[in-house]
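Sharing a structure, written as structure tokens. Questions coming.
The residues of the chain are indexed from 1 along the displayed sequence.
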Amino acid sequence: MPATHETRMLIIGSGPAGLTAAIYAARAGMQPIVVQGMQPGGQLTITTDVENYPGFRDVIQGPWLMEEMQAQAEHVGTRMIWDQIVDVDLSQRPFRAVGDGGDTYVADTLVIATGAQAKWLGVPGEVELGGKGVSACATCDGFFYRGKKVVVIGGGNTAVEEALYLTNHSEDVTLIHRRDSLRAEKILQDRLHANPRISVIWNKRVDRFVGGEGAAGLVGVDLIDTVTGEASHIATDGAFVAIGHKPSTELFVGKLAMDSEGYLLVEAGTPKTAIPGVFAAGDVADKIYRQAVTAAGLGCMAALDAERFLAHEAFASASAA
């Protein structure tokens with residue numbers, strides 16, 4: 001039998017942004033509800049070694065970090081619900097959301113923390129070697145390839161930025177692009193071509209990521225020439241897929257303002273959307289940094305802004321009375 005859940009704050013998404021918002025909201029007595037979504041814990045649950053989240057001197061595991069965040073959120077009073085939101089009504093307050101099982105969520109404020117997903121190539125070996133040489137985040141994983149050979153796949157701003165970043169760790173960075181020219185901004189292209197640590201392979205698409213014997217990780221990438229069809233192979237220790245990200249915002253099309261790539265638009269320097277009481281935190285609104293720690297910071301900001309929003313509303317009502 002479908003149920004109705006009422007809360008002062010509904011949080012859609014359970015990655016670092018959503019869970020941090022929940023921690024702050026629960027401590028403020030807002031009794032938040034977190035709807036976990038299809039991937040409870042967010043992208044960190046498919047990340048192995050995490051070495052750049054503050055507070056841990058040793059390498060930690062992504063799934064463990066998210067388990068701890070969830071436990072902390074529950075400890076201070078957050079209610080976690082395993083559900084998938086399929087519809088929202090933001091036209092009036094309280095806001096209403098509907099889960100795929102028919103449950104209804106009624107909330108005074110809403111924090112959208114549905115995140116974004118890296119776009120993948122969908123070729124053999126990509127899934128099997130994820131975290132074992134294949135990555136979609138140079139900032140996250142580049143440190144593990146100090147002094148090793150790496151390749152970056154893509155031709156836009158993301159790919160060029162990843163390649164340039166990786167030169168901080170590797171003296172042998174190869175950019176692989178399926179066309180004969182890059183789509184990246186000219187200033188980035190100029191930096192790329194001027195960097196002696198970066199070489200470019202043109203007109204090649206990845207056919208397969210190749211793993212070593214037994215439990216060994218990535219050892220190379222099989223390529224196909226997009227002009228001649230000729231097959232080739234490049235040996236490498238790490239491969240970074242950099243063909244962009246897709247924010248999980250389909251639910252809000254026509255209901256909230258977005259940019260051309262589907263990221264939710266917020267007031268500069270805040271997580272506030274154009275609808276009072278609706279906040280967007282984490283990768284769903286951030287296409288620049290996309291880090292766990294920045295997502296957590298935005299989740300904190302969303303909860304604090306929501307608390308102030310409700311306090312201001314209560315004060316205005318009391319004054320009017």
Flag side-chain contact, heavy atom, 4.5 Å: Val200 against Leu192: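 The answer is yes, as the side chains (C-beta and beyond) meet within the 4.5 Å cut-off.
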
Salt bridge flag under 4.0 Å for residues Arg178 and Asp225: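 Asp225 and Arg178: not salt-bridged.
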
Stepwise side chain to side chain contact (heavy atoms under 4.5 Å, CB included) check, Val278 with Phe95: CA-CA 9 Å; Val278 178; Phe95 306 117; 3.5 Å; yes

Heavy-atom closest contact (Ala242 atom, Val152 atom, distance):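 That would be CB-CG1, 4.0 Å.
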
Asp172 and Lys149 ion-paired at < 4.0 Å: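 Looking at Asp172 and Lys149, the cut-off is met.
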
Worked verdict on Met9 versus Val111 for side chain to side chain contact (heavy atoms under 4.5 Å, CB included): CA-CA 7 Å; Met9 178 188 286; Val111 175; 3.9 Å; yes

Derivation of the side-chain hydrogen bond (donor to acceptor under 3.5 Å, both in side chains) call for His245 and Asp283: CA-CA 9 Å; His245 286 72; Asp283 290 7; over 6 Å; no

Val241 with Val173, same ILVMFWY side-chain cluster at under 4.5 Å: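 Hydrophobic grouping puts Val241 apart from Val173.
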
Heavy-atom side-chain proximity of Leu310 to Asp108 below 4.5 angstrom: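 Yes - at least one pair of side-chain heavy atoms lies under 4.5 Å apart.
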
Nearest heavy-atom neighbours spanning Leu10 and Ala107: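 Reported closest heavy-atom pair: CB-CB, 3.5 Å.
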
Heavy-atom neighbours of Arg96 CZ exceed 12 at 6.0 Å: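 Check fails, neighbour count at 12 or below.
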
Ile153 side chain reached by Leu121 side chain, heavy atoms, under 4.5 Å: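 They are in contact (side-chain heavy atoms under 4.5 Å apart), so the answer is yes.
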
Check: Val210 and Val221 side chains under 4.5 Å, non-hydrogen atoms: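 Not in contact.
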
Derivation of the side chain to side chain contact (heavy atoms under 4.5 Å, CB included) call for Ile288 and Tyr263: CA-CA 11 Å; Ile288 299 175; Tyr263 287 87; over 6 Å; no

Salt-bridge present (Asp259, Lys287; N to O < 4.0 Å):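 Here Asp259 pairs with Lys287 in a salt bridge, since their nearest N and O are under 4.0 Å apart.
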
Heavy-atom closest contact (Val88 atom, Ile85 atom, distance):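 Of all heavy-atom pairs spanning Val88 and Ile85, the closest is CG1-CG2, 3.8 Å.
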
Partner of Thr249 under side chain to side chain contact (heavy atoms under 4.5 Å, CB included), chosen from Leu256, Leu264, Ile112: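 Looking at Leu256, Leu264, Ile112, the match for Thr249 under the side chain to side chain contact (heavy atoms under 4.5 Å, CB included) is Leu264.
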
Proximity of Tyr145 and Phe240 rings by center, below 6.0 Å: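 Ring centres of Phe240 and Tyr145 closer than 6.0 Å.
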
Side-chain touch Leu110/Leu90, heavy atoms, less than 4.5 angstrom: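 A side-chain contact exists here, since the closest heavy-atom pair is under 4.5 Å.
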
Smallest separation among heavy atoms of Glu185 and Asn157, with atom names: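 The pair with the smallest heavy-atom distance is N-OD1, 2.8 Å.
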
Test side chain to side chain contact (heavy atoms under 4.5 Å, CB included) applied to Arg205 and Ile224, step by step: CA-CA 5 Å; Arg205 65 173 176 84; Ile224 297 293; 3.8 Å; yes

Side-chain donor-acceptor pair present, Ser199, Thr174, cut-off under 3.5 Å: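 There is such a pair (donor and acceptor under 3.5 Å, judged by atom type) between the side chains of Ser199 and Thr174.
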
same_hphob_cluster(Val206, Leu175) at 4.5 Å side-chain heavy-atom cutoff: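 No, no single cluster joins them.
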
Basic-acidic side-chain contact under 4.0 Å: Glu230, Lys204: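 Salt bridge between Glu230 and Lys204, a charged N being under 4.0 Å from a carboxylate O: no.
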
Euclidean distance, Thr273 OG1 relative to Met258 CE, rounded to 0.5 Å: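 The CE atom of Met258 sits 11.0 Å away from the OG1 atom of Thr273.
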
Phe56 atom CZ, over 12 foreign heavy atoms within 6.0 Å: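 Counting neighbours around CZ of Phe56, more than 12 heavy atoms of other residues, nucleotides or ligands fall under 6.0 Å, so yes.
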
Any Leu166 side-chain heavy atom under 4.5 Å of Phe143 side chain: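 SC-SC contact between Leu166 and Phe143 ruled out.
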
Rounded distance [0.5 Å steps], CZ in Arg197 versus NE2 in His169: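 Taking CZ in Arg197 and NE2 in His169, the distance rounds to 10.5 Å.
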
Heavy-atom closest pair, residues Glu51 and Val59: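 Closest approach of Glu51 to Val59: OE2-CG2, 3.5 Å.
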
Straight-line distance of Arg191 CZ to Glu161 CD, nearest 0.5 Å: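 Here the interatomic distance stands at 9.0 Å.
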
Carboxylate-amine/guanidinium proximity below 4.0 Å for Asp222 and Arg208: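 Answer for the salt bridge query: yes.
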
Validation row: His233, Leu223 side chains within 4.5 angstrom (heavy atoms):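 They are not in side-chain contact.
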
Residues, nucleotides or ligands: over 12 heavy atoms within 6.0 Å of Trp82 CH2: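 Not more than 12 within 6.0 Å, no.
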
Listed partners of Cys137 passing disulfide (SG to SG under 2.5 Å), at least two apart: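 Only Cys140 meet the disulfide (SG to SG under 2.5 Å) criterion with Cys137.
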
Cluster check Val123, Ile201: I/L/V/M/F/W/Y, side chain < 4.5 angstrom: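 In one cluster with Val123: Ile201, yes.
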
ILVMFWY cluster, Ile23 and Ile81 together (side-chain gap under 4.5 Å):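 In one cluster: no.
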
Separation between CE of Met301 and NZ of Lys272, rounded to the nearest 0.5 Å: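 It comes to 9.5 Å.
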
Over 12 foreign heavy atoms within 6.0 Å of CD, Glu6: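 No - once you tally the heavy atoms of other residues, nucleotides and ligands closer than 6.0 Å, there are 12 at most.
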
Arg27 atom CZ: more than 12 heavy-atom contacts under 6.0 Å: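 No, CZ of Arg27 has 12 or fewer neighbouring heavy atoms, counting only those of other groups under 6.0 Å.
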
Residue pair Leu19 / Met80, side-chain heavy-atom distance below 4.5 Å: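 Touching, per the 4.5 Å side-chain cut-off.
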
Under-4.0 Å salt bridge between Lys186 and Asp190: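 Looking at Asp190 together with Lys186, the answer is yes, because their closest N to O distance falls below 4.0 Å.
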
Any side-chain donor near an acceptor of the partner, Arg183 and His177, under 3.5 Å: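 Side chains of Arg183 and His177: no pair found under 3.5 Å.
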
Gln31, CD atom: more than 12 neighbouring heavy atoms under 6.0 Å: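 No.
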
For Ala292 against Leu44, the heavy-atom pair lying closest together: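 Nearest pair, atom of Ala292 first, then Leu44: CB-CD1, 3.8 Å.
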
Single-linkage hydrophobic cluster, 4.5 Å side-chain cutoff, Val266 and Ile275 together: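 No, because Val266 and Ile275 fall into different hydrophobic clusters, even though each may have its own neighbours under 4.5 Å.
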
